[in-house]
Amino acid sequence: MLGLYERDYTELTQDEIKEKEKIDSEGGHVTGAKFGRRNFFHKYPKAVRHNMSLFPNNYMDIQLLKDEPELVKQCDGFESLLNNTNITELDIKRYIQNNGFYHIPASIFKHYDFGHHEAALFKEFPLGTKYIADYLLVGRASGGWQFIFVEFENPYGRITLADGNPGEAIRKGLNQIDEWKPFIEGYYSTLSAEFEKYTAQSLPREFTRFDSTRMHYVVVVGRRADYNETTRLFQRRSEAERNIKILHYDNILDDARDLIGARTY
């Protein structure tokens, strides 16, 4: 089944439908709005919140950010995993996906100013038949939807050279994204067709017409200790000149912890 969850949120039970109708009748739903008013939204059952979103089975429910004990446990486990110097990026992806700990990659939203109106996450999103983004984050703000294509690289080994300039692992991630970019621009209809598999609703214009200003790219690679002032200079140049943000896994851990108890992504 497509999506992140064992439950298919495109279908509601009769009890869930009745509860939604009850809240709607109390003024929770506003005609023409995607979601109910903010002060009513939390009253909807979890399944209804998912069902009302554009991508029910990929929706990142903001109410789950309130489950602080569970998220602390997830982050603690993530930190323990990161401290094992024998792991690779595949172990990290398995930890996230086998356990459904998707708020960890979703924490990348914290580096952008969208996703607080609605957020969705796709794992192993195909870019045609040749490429796969490890994660695709899709977020909505007042200006519409925007997209973050994410490549996970190794947390250890050949991250930087001795002087802090990018090593093999960073360059590998950057080169991968440089290959994605012309495909995304030239074959955006392929992505649109893929998105249609995840929703029964009509896709907003942002999903059917390519707009480079809505596209963002992230490489996650290495640990904080790998980065010095030279590396950080390279990070800034990469973002300014190539529209590729370079993060290390400690950024992801810190951001995932900062999300605990937050009101939005």
Side-chain angles (χ1 to χ4, degrees), residues 4 58 78 81-82 86-97 102 104-112 115 120-139 146-161 164-195 207 210-224 226-227 230-253 255-256:
L4 303 178
N58 298 80
F78 184 45
L81 177 67
L82 288 179
N86 294 315
I87 64 166
T88 69
E89 70 274 17
L90 295 178
D91 296 303
I92 293 172
K93 287 188 286 186
R94 289 190 193 104
Y95 175 78
I96 293 168
Q97 290 164 204
Y102 295 111
I104 293 174
S107 70
I108 292 173
F109 276 120
K110 289 183 65 65
H111 293 267
Y112 298 90
L121 183 145
F122 302 83
K123 62 180 180 180
E124 298 176 345
F125 190 85
L127 308 176
T129 58
K130 188 175 182 180
Y131 307 114
I132 295 177
D134 288 327
Y135 295 101
L136 171 56
L137 282 62
V138 179
Q146 300 199 48
F147 307 82
I148 310 171
F149 298 85
V150 181
E151 170 76 0
F152 274 18
E153 290 293 344
N154 211 315
Y156 294 103
R158 299 180 179 178
I159 309 302
T160 56
L161 303 178
N165 276 302
E168 180 182 334
I170 291 179
R171 293 193 179 279
K172 179 174 177 286
L174 294 176
N175 290 339
Q176 177 66 84
I177 289 180
D178 280 339
E179 291 181 3
W180 293 353
K181 287 181 178 181
F183 177 86
I184 293 170
E185 180 174 1
Y187 299 91
Y188 198 63
S189 60
T190 301
L191 274 66
S192 299
E194 188 66 28
F195 280 120
F207 291 87
F210 178 78
D211 178 350
S212 63
T213 67
R214 297 184 182 276
M215 305 296 147
H216 310 272
Y217 305 91
V218 173
V219 174
V220 184
V221 56
R223 300 296 305 273
R224 178 174 282 116
D226 296 308
Y227 290 58
T230 299
T231 322
R232 289 188 282 274
L233 173 60
F234 184 84
Q235 285 178 287
R236 294 192 294 273
R237 287 177 172 170
S238 173
E239 186 167 10
E241 298 171 5
R242 302 167 76 170
N243 189 27
I244 304 176
K245 189 184 293 290
I246 303 171
L247 303 175
H248 49 66
Y249 284 97
D250 293 277
N251 290 137
I252 304 301
L253 176 61
D255 294 337

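The first residue in the sequence is number 1, and the count goes up from there.
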> What is the distance from atom CD1 of Ile246 to atom CD1 of Ile170, rounded to the nearest 0.5 Å?
Replying inline: 5.5 Å
> For the residue pair Gly157 and Ala169, what are the closest heavy atoms and their distance?
Replying inline: O-CB, 4.0 Å
>> Distance check, rounded to the nearest 0.5 Å: Tyr112 atom OH versus Phe147 atom CZ?
In response: 13.5 Å
>> For the backbone of Asn154 and the side chain of Thr88, can you confirm whether one donor and one acceptor N or O come within less than 3.5 Å of each other?
In response: no
> Can you tell me how far the CG atom of Asn243 sits from the CZ atom of Phe149, to the nearest 0.5 Å?
Replying inline: 11.0 Å
> Run the side-chain contact (heavy atoms from CB on, under 4.5 Å) check on His216 and Gln146 step by step: do they pass?
Replying inline: CA-CA 8 Å; His216 310 272; Gln146 300 199 48; 2.6 Å; yes
>> Return the CG to CZ distance between Leu137 and Phe109, rounded to the nearest 0.5 Å.
In response: 4.0 Å
>> side-chain contact (heavy atoms from CB on, under 4.5 Å) for Val219 and Ile244? Distances and angles first, verdict last.
In response: CA-CA 7 Å; Val219 174; Ile244 304 176; 4.0 Å; yes
> Taking everything shown except Arg224 itself, do over 12 heavy atoms lie less than 6.0 Å from its CZ?
Replying inline: yes
> Please walk me through it: do Thr231 and Ile159 pass side-chain contact (heavy atoms from CB on, under 4.5 Å)?
Replying inline: CA-CA 10 Å; Thr231 322; Ile159 309 302; over 6 Å; no
>> Could you check whether atom CD of Glu168 has more than 12 heavy atoms from other residues, nucleotides or ligands sitting under 6.0 Å from it?
In response: no
> Counting only heavy atoms not in Arg214, do more than 12 fall under 6.0 Å of its CZ?
Replying inline: yes
> Below 4.0 angstrom, N of the basic side chain to O of the carboxylate: do Arg94 and Asp91 qualify?
Replying inline: yes
>> Does the Lys NZ or Arg CZ of Lys181 fall within the cation-pi geometry relative to Tyr217 - under 6.0 Å from the ring centre and within 45° of the axis?
In response: yes
> Taking atom CD1 of Ile96 and atom CD1 of Ile104, what is their separation to the nearest 0.5 Å?
Replying inline: 5.0 Å
> What's the verdict on ring pair (Phe, Tyr, Trp, His ring centres under 6.0 Å) for Phe207 and Tyr188, showing C-alpha distance, side-chain angles and the deciding distance?
Replying inline: CA-CA 8 Å; Phe207 291 87; Tyr188 198 63; 8.3 Å; no
> To the nearest 0.5 Å, what is the distance between CD (Glu241) and CD (Glu239)?
Replying inline: 11.5 Å
>> For a side-chain contact (heavy atoms from CB on, under 4.5 Å) check, start with the C-alpha distance between Leu127 and Ile132, then their side-chain angles and the critical distance, and finish with the verdict.
In response: CA-CA 5 Å; Leu127 308 176; Ile132 295 177; over 6 Å; no
> Looking at Tyr102, Phe195, Tyr135, which hits ring pair (Phe, Tyr, Trp, His ring centres under 6.0 Å) with Phe122?
Replying inline: Phe195
> Is the shortest heavy-atom distance from the side chain of Leu174 to the side chain of Ser238 under 4.5 Å?
Replying inline: yes
> Should Lys123 and Asp134 count as an ion pair when the cut-off is N to O under 4.0 Å?
Replying inline: no
>> Do Thr160 and Pro166 make a side-chain contact, defined as non-hydrogen atoms from C-beta onward lying under 4.5 Å apart?
In response: no
> So, do Tyr227 and Asn251 sit near enough that their side-chain heavy atoms are less than 4.5 Å apart?
Replying inline: no
>> Contact between Ile87 and Pro155 at the side-chain level, heavy atoms closer than 4.5 Å - yes or no?
In response: yes
> Can you check salt bridge (Lys or Arg N to Asp or Glu O under 4.0 Å) on Arg223 and Asp226, steps first, answer last?
Replying inline: CA-CA 6 Å; Arg223 300 296 305 273; Asp226 296 308; over 6 Å; no
> How about Val150 and Leu136: do any of their side-chain heavy atoms sit closer than 4.5 Å?
Replying inline: no
> Would you say the side chain of Glu153 lies within less than 4.5 Å of the side chain of Lys172, judging by non-hydrogen atoms?
Replying inline: yes
> Would you say Tyr95's side chain and Leu81's backbone share a donor-acceptor pair under 3.5 angstrom?
Replying inline: no
>> What I want to find out is whether Lys110 reaches Asp255 closely enough, with some N-O distance under 4.0 Å, to be called a salt bridge.
In response: no
>> Could you check whether any side-chain heavy atom of Ile108 comes within less than 4.5 Å of a side-chain heavy atom of Ile148, counting everything from C-beta outward?
In response: yes
> Is the shortest heavy-atom distance from the side chain of Glu194 to the side chain of Pro126 under 4.5 Å?
Replying inline: yes
